[in-house]
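The structure under discussion appears below in the form of structure tokens.
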Amino acid sequence: MAIRNIAVLILYNDQKQFLLQHRSKDAPRLPNHWGFFGGGIEEGETPEQALARELIEEIEYEVDAPQFVFAQKFMYGEDENTKYVFVEKYDPRKDLIQHEGQGMGWWKLEDLDNLLVIPHDQTALSTVKKFLGE
């Protein structure tokens, strides 16, 4: 069993929508799913450092002041994972230029029923929605 730590950002906008990535059909993990931008924490990195690096790599977004919401443990196959979930309000003056995945979009929580979203990500979105006072 491998242990994997990841850091993800849930960006939200003025319409209380969340930005999700549509992962590639050939992605090594969760192909064709909708999920968060972020990724693996490398040796010697903090979750905050990994988050900043991953967001630049994936969508050229420089985080301003991401707030840590919670750490979520989950299994993926035989791997034990810890996901560090951060939230930040999107700054519309910043362009989003996607380099990973087959698409991205802004979604309200109630609109996710028709998307392929892994259950622990839906749980994270519900937790973030409560954190934001909705």
Side-chain angles (χ1 to χ4, degrees):
M1 171 174 55
I3 296 175
R4 186 166 188 259
N5 296 321
I6 62 175
V8 300
L9 181 67
I10 300 178
L11 274 179
Y12 69 96
N13 62 20
D14 286 332
Q15 291 77 41
K16 305 297 184 211
Q17 296 169 309
F18 301 108
L19 182 67
L20 297 178
Q21 173 194 44
H22 193 191
R23 297 175 60 82
S24 300
K25 293 176 184 174
D26 60 352
R29 291 176 172 258
L30 304 170
N32 216 33
H33 280 70
W34 286 85
F36 309 124
F37 287 98
I41 300 171
E42 296 177 359
E43 189 171 333
E45 275 186 323
T46 66
E48 294 82 1
Q49 291 168 330
L51 182 75
R53 176 184 50 76
E54 287 284 346
L55 271 286
I56 292 293
E57 289 174 6
E58 293 183 1
I59 55 175
E60 295 186 26
Y61 186 81
E62 191 171 320
V63 293
D64 290 321
Q67 292 181 279
F68 174 71
V69 181
F70 73 109
Q72 181 183 44
K73 293 195 178 290
F74 65 95
M75 296 296 293
Y76 182 73
E78 296 292 317
D79 294 344
E80 181 180 306
N81 297 263
T82 301
K83 177 169 48 185
Y84 295 87
V85 179
F86 294 83
V87 64
E88 181 171 288
K89 186 172 183 186
Y90 172 62
D91 180 350
R93 297 172 296 179
K94 296 180 181 182
D95 291 330
L96 298 172
I97 301 168
Q98 187 174 7
H99 296 286
E100 291 185 18
Q102 59 181 316
M104 65 180 166
W106 293 97
W107 300 93
K108 287 194 176 273
L109 193 58
E110 55 270 17
D111 297 331
L112 299 182
D113 290 340
N114 297 323
L115 298 180
L116 183 58
V117 178
I118 197 149
H120 60 78
D121 280 355
Q122 287 191 356
T123 300
L125 283 166
S126 295
T127 302
V128 165
K129 192 171 181 178
K130 289 176 190 168
F131 177 81
L132 295 173
E134 295 182 41

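Residue numbers start at 1 and run along the sequence shown.
Atom CD1 of Ile6 and atom CG of Asn81 lie 6.0 Å apart (nearest 0.5 Å). Going from atom CZ of Phe86 over to atom CD of Glu48 covers 4.0 Å, rounded to the nearest 0.5 Å. A distance of 10.5 Å separates CG in Leu115 from CG in Asn32, rounded to the nearest 0.5 Å. Here OG1 of Thr46 is found 12.0 Å from CG of Asn5. Values are rounded to the nearest 0.5 Å. Atoms CD and NZ, on Glu110 and Lys129 in that order, are 5.0 Å from each other to the nearest 0.5 Å.
Across Phe37 and Leu20, no two heavy atoms sit closer than the pair CE1-C, 4.0 Å. Smallest separation of non-hydrogen atoms from Val63 and Leu55: CG1-CG, 4.3 Å. The shortest heavy-atom contact between Ser126 and Leu109 is OG-CD2, 3.9 Å. Contact between Glu45 and Ala50 at its shortest, heavy atoms only, is OE1-CB, 3.4 Å. The nearest pair of heavy atoms linking Ala7 to Pro47 is CB-O, 3.4 Å. The shortest heavy-atom contact between Gln122 and Val117 is CG-CG1, 3.5 Å.
In terms of modelled atom types and a separation under 3.5 Å, the side chain of Glu88 and the main chain of Leu9 share no donor-acceptor contact. Proximity of a side-chain donor or acceptor of Asp26 to a complementary backbone N or O of Ser24 within less than 3.5 Å is not detected. Checking side-chain atoms of Glu58 against main-chain N and O of Gly38 turns up a donor-acceptor pair under 3.5 Å. In terms of modelled atom types and a separation under 3.5 Å, the side chain of Gln21 and the main chain of Met104 share no donor-acceptor contact. Under the 3.5 Å distance criterion, the side-chain polar atoms of Gln102 are matched with a main-chain donor or acceptor of Arg23.
Side-chain heavy atoms closer than 4.5 Å link hydrophobic residues (I, L, V, M, F, W, Y) into clusters, and following such links, possibly through other members, connects Phe70 to Ile118. There is no path of hydrophobic side-chain contacts, each under 4.5 Å, that joins Leu51 to Val87. Put simply, Leu30 and Leu19 are part of two different groups of oily side chains (I, L, V, M, F, W, Y) that touch within less than 4.5 Å, one to the next. Residues Phe131 and Phe68 do not share a hydrophobic cluster, defined by chaining ILVMFWY side chains whose heavy atoms lie under 4.5 Å apart. Phe36 and Leu132 fall within the same hydrophobic cluster, defined by Ile, Leu, Val, Met, Phe, Trp and Tyr side-chain heavy atoms under 4.5 Å apart, directly or through other members.
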With side-chain contact (heavy atoms from CB on, under 4.5 Å) as the test, would you mind laying out the steps for Leu11 and Tyr61 before giving the verdict?
CA-CA 10 Å; Leu11 274 179; Tyr61 186 81; 3.8 Å; yes

With side-chain contact (heavy atoms from CB on, under 4.5 Å) as the criterion, how do Ile41 and Tyr84 come out once you've worked through the C-alpha distance, each side chain's angles and the decisive distance to 0.1 Å?
CA-CA 10 Å; Ile41 300 171; Tyr84 295 87; 3.7 Å; yes

For Tyr12 and Lys89, what are the C-alpha separation, side-chain angles and deciding distance, and is it a side-chain contact (heavy atoms from CB on, under 4.5 Å)?
CA-CA 5 Å; Tyr12 69 96; Lys89 186 172 183 186; 3.5 Å; yes

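The number of heavy-atom neighbours closer than 6.0 Å to CD of Gln15, taken from other residues, nucleotides and ligands shown, is above 12. No more than 12 heavy atoms of other residues, nucleotides or ligands lie within 6.0 Å of CD in Glu43, so this atom counts as exposed by the packing criterion. Around CG of Asp64, the count of heavy atoms belonging to other residues, nucleotides or ligands within 6.0 Å exceeds 12.
In the hydrophobic clustering (ILVMFWY side chains linked at under 4.5 Å, chained through shared members), Ile56 stands by itself. In this structure, Ile97 stands alone, with no Ile, Leu, Val, Met, Phe, Trp or Tyr side-chain heavy atom under 4.5 Å from its own, directly or through other members.
By the 4.5 Å heavy-atom criterion applied to side chains, Tyr90 and Trp106 are counted as neighbours. Side-chain atoms of Val69 and Thr127, non-hydrogen and from C-beta on, do get closer than 4.5 Å to each other. The shortest distance between side-chain heavy atoms of Phe18 and Leu112 does not fall below 4.5 Å.
Under the rule for a side-chain hydrogen bond (donor to acceptor under 3.5 Å, both in side chains), the partners of Asp121 that lie at least two apart in sequence or sit in another chain are Lys83.
With no hydrogens or angles considered, no side-chain donor-acceptor pair links His99 and Glu57 at under 3.5 Å.
Taking the six-membered ring for Trp and thresholds of 30 and 60 degrees, Trp34 and Trp107 have ring planes more than 60 degrees apart, a perpendicular arrangement. Ring-plane geometry between His120 and Phe74 is classed as parallel, the angle between the planes falling under 30 degrees on a 0 to 90 degree scale with a further cut at 60.
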